[in-house]
Amino acid sequence: MRIIGGPSSQLLSKRVSDLLGVELVPVEYKVFPDGEKYCRISAPVEGEEVAIIQSTPSDSDIIYLMELIDACEMARKKTVFIPYFGYSRQDKIFDVGEPISARAIARSIRADRVYTVNIHDKDILNFFPSPAEDLDAMPLLVKYIQEMDLKDPLFIAPDEGSLDAVSNAVSNDFDYDFLEKTRISADDIVMKPKKFDIKGRSAVILDDMISTGGTVIGASKMLKEEGAIDIYAFCVHPVLVGSTLLKLCQSGIKEVISTDTLEKITSLVSVAPLIAEKLR
Ligand code: R5P
């Protein structure tokens with residue numbers, strides 16, 4: 001078994017190789033003067049079983065992933081892990097003439113098996129030409145929160161759509177709820193937990209990704225107005241575009257913590273055990 005770490009998942013690949021006691025294959029990456037990407041795997045993979053780990057937050061990362069898969073053409077078995085699968089939000093045609101971008105990219109991934117982590121919509125898995133499975137990192141985040149020993153926190157799904165993921169992860173260990181929107185008048189909307197009173201409690205907002213931070217900042221503002229004492233924001237994928245992290249800090253959120261599907265300063269929880277488990 002050889003572990004091949006893509007440029008966007010270098011630390012994660014090392015963590016997986018450490019957990020499995022398998023050597024991480026050295027790979028050279030470079031960019032040609034005209035911007036084209038190049039990679040070279042510096043170990044023979046012919047007849048070997050390889051695991052390629054590469055998130056795809058940018059177009060370059062998609063190209064690198066395709067190149068890595070191609071460089072492993074002679075491998076016996078190729079398992080591809082895409083911890084963060086970019087373009088997943090364009091997973092259907094919203095307006096006439098649009099592509100299903102997630103499908104276009106998934107179709108280009110030629111492997112024996114594909115794994116993603118908390119993909120935006122599980123229907124995307126059907127677009128891959130090979131069997132594909134989604135791994136759930138939310139329980140790892142909940143375990144981390146459990147170890148923080150917060151007093152009686154209330155877990156919050158920012159909307160009803162993410163409630164199932166939160167309730168599965170939290171199970172019966174904590175209270176959980178979602179933010180329900182109530183329209184008071186044409187331009188006055190109140191968002192508050194549907195079932196529980198947050199007054200005097202810590203709120204832990206749990207979402208699949210934080211991109212611009214708009215969702216979490218909006219939720220946090222409402223929770224504070226409702227009397228929450230501290231607000232924590234947890235997510236699987238810290239996309240954190242531009243100055244989002246700064247905005248989150250300025251909004252008064254106490255801590256922002258994520259997994260390492262994308263390697264950011266917030267990535268304190270590793271999904272390496274999920275990946276290693278599938279390779280054992
Ligand atoms: C929505 O479907 C997702 O679960 C996230 O809530 C959303 O993508 C977060 O985006 P942003 O940080 O830009 O509000």
Side-chain angles (χ1 to χ4, degrees), residues 8 55-58 61 82-95 98 100-103 105-106 116-125 127 134-142 145 154-170 176-181 189 191-194 203-225 228 231-269 271:
S8 70
S55 282
T56 54
S58 70
D61 290 310
I82 313 172
Y84 172 74
F85 184 74
Y87 284 92
S88 62
R89 281 171 288 183
Q90 182 71 26
D91 60 346
K92 44 182 81 68
I93 295 171
F94 298 93
D95 204 355
E98 287 180 351
I100 300 179
S101 309
R103 178 178 65 187
I105 292 156
T116 55
V117 178
N118 292 89
I119 196 159
H120 187 62
D121 190 323
K122 286 206 178 129
D123 287 346
I124 297 171
L125 300 174
F127 296 144
D134 190 52
L135 309 176
D136 185 10
M138 290 249 181
L140 296 174
L141 289 171
V142 172
I145 299 162
L154 177 60
F155 279 70
I156 299 284
D159 53 46
E160 198 170 359
S162 44
L163 183 64
D164 276 355
V166 172
S167 72
N168 285 342
V170 167
Y176 59 86
D177 207 344
F178 73 94
L179 286 183
E180 188 184 48
K181 281 185 192 169
I189 293 173
M191 266 161 73
K192 61 181 191 174
K194 180 169 173 63
V204 177
I205 304 169
L206 194 51
D207 207 353
D208 61 344
M209 72 173 86
I210 302 178
S211 182
T212 64
T215 306
V216 164
I217 290 171
S220 136
K221 190 166 162 270
M222 295 298 169
L223 289 163
K224 254 184 268 158
E225 282 170 13
I231 316 254
Y232 298 83
F234 279 73
C235 70
V236 176
H237 309 298
V239 180
L240 302 176
V241 295
S243 57
T244 293
L245 193 53
L246 192 60
K247 284 190 218 148
L248 290 166
C249 296
Q250 284 165 339
S251 77
I253 291 172
K254 195 163 178 182
E255 276 187 67
V256 182
I257 292 170
S258 72
T259 77
D260 55 359
T261 59
L262 294 170
E263 297 175 353
K264 302 276 170 79
I265 199 161
T266 55
S267 305
L268 302 184
V269 178
V271 298

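Below, all heavy atoms of this structure are taken into account, side chains as well, without hydrogens, waters or symmetry copies. Counting convention: from 1, in listed order, for ligands and their atoms alike.
With N118 as the partner, the side-chain hydrogen bond (donor to acceptor under 3.5 Å, both in side chains) test is satisfied by one option alone out of D136, T259, D207: D136. Test T261, D134, T56 against T116 for side-chain hydrogen bond (donor to acceptor under 3.5 Å, both in side chains) and you get one pass: D134.
Among residues at least two apart or in separate chains, salt bridge (Lys or Arg N to Asp or Glu O under 4.0 Å) pairs with a member in residues 244-254 are D230-K254.
The distance from the CZ atom of F85 to the CG atom of D61 is 12.5 Å, given to the nearest 0.5 Å.
Under the 4.5 Å side-chain criterion, counting only non-hydrogen atoms from C-beta, K224 is in contact with I231.
Between V117 and A137 the shortest heavy-atom distance is CG1-CB, 3.8 Å.
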Does ligand 1 have any N/O atom under 3.5 Å from a protein N/O, and what are those pairs and their distances?
from: ligand 1; atom 1: 4 (O); to: D207; atom 2: OD1; distance (Å): 3.0
from: ligand 1; atom 1: 4 (O); to: D208; atom 2: OD1; distance (Å): 2.6
from: ligand 1; atom 1: 6 (O); to: D207; atom 2: OD2; distance (Å): 2.5
from: ligand 1; atom 1: 12 (O); to: S211; atom 2: N; distance (Å): 2.7
from: ligand 1; atom 1: 12 (O); to: T212; atom 2: N; distance (Å): 3.2
from: ligand 1; atom 1: 12 (O); to: G213; atom 2: N; distance (Å): 2.8
from: ligand 1; atom 1: 13 (O); to: T212; atom 2: N; distance (Å): 2.8
from: ligand 1; atom 1: 13 (O); to: T212; atom 2: OG1; distance (Å): 2.5
from: ligand 1; atom 1: 14 (O); to: T215; atom 2: N; distance (Å): 2.9
from: ligand 1; atom 1: 14 (O); to: T215; atom 2: OG1; distance (Å): 2.5

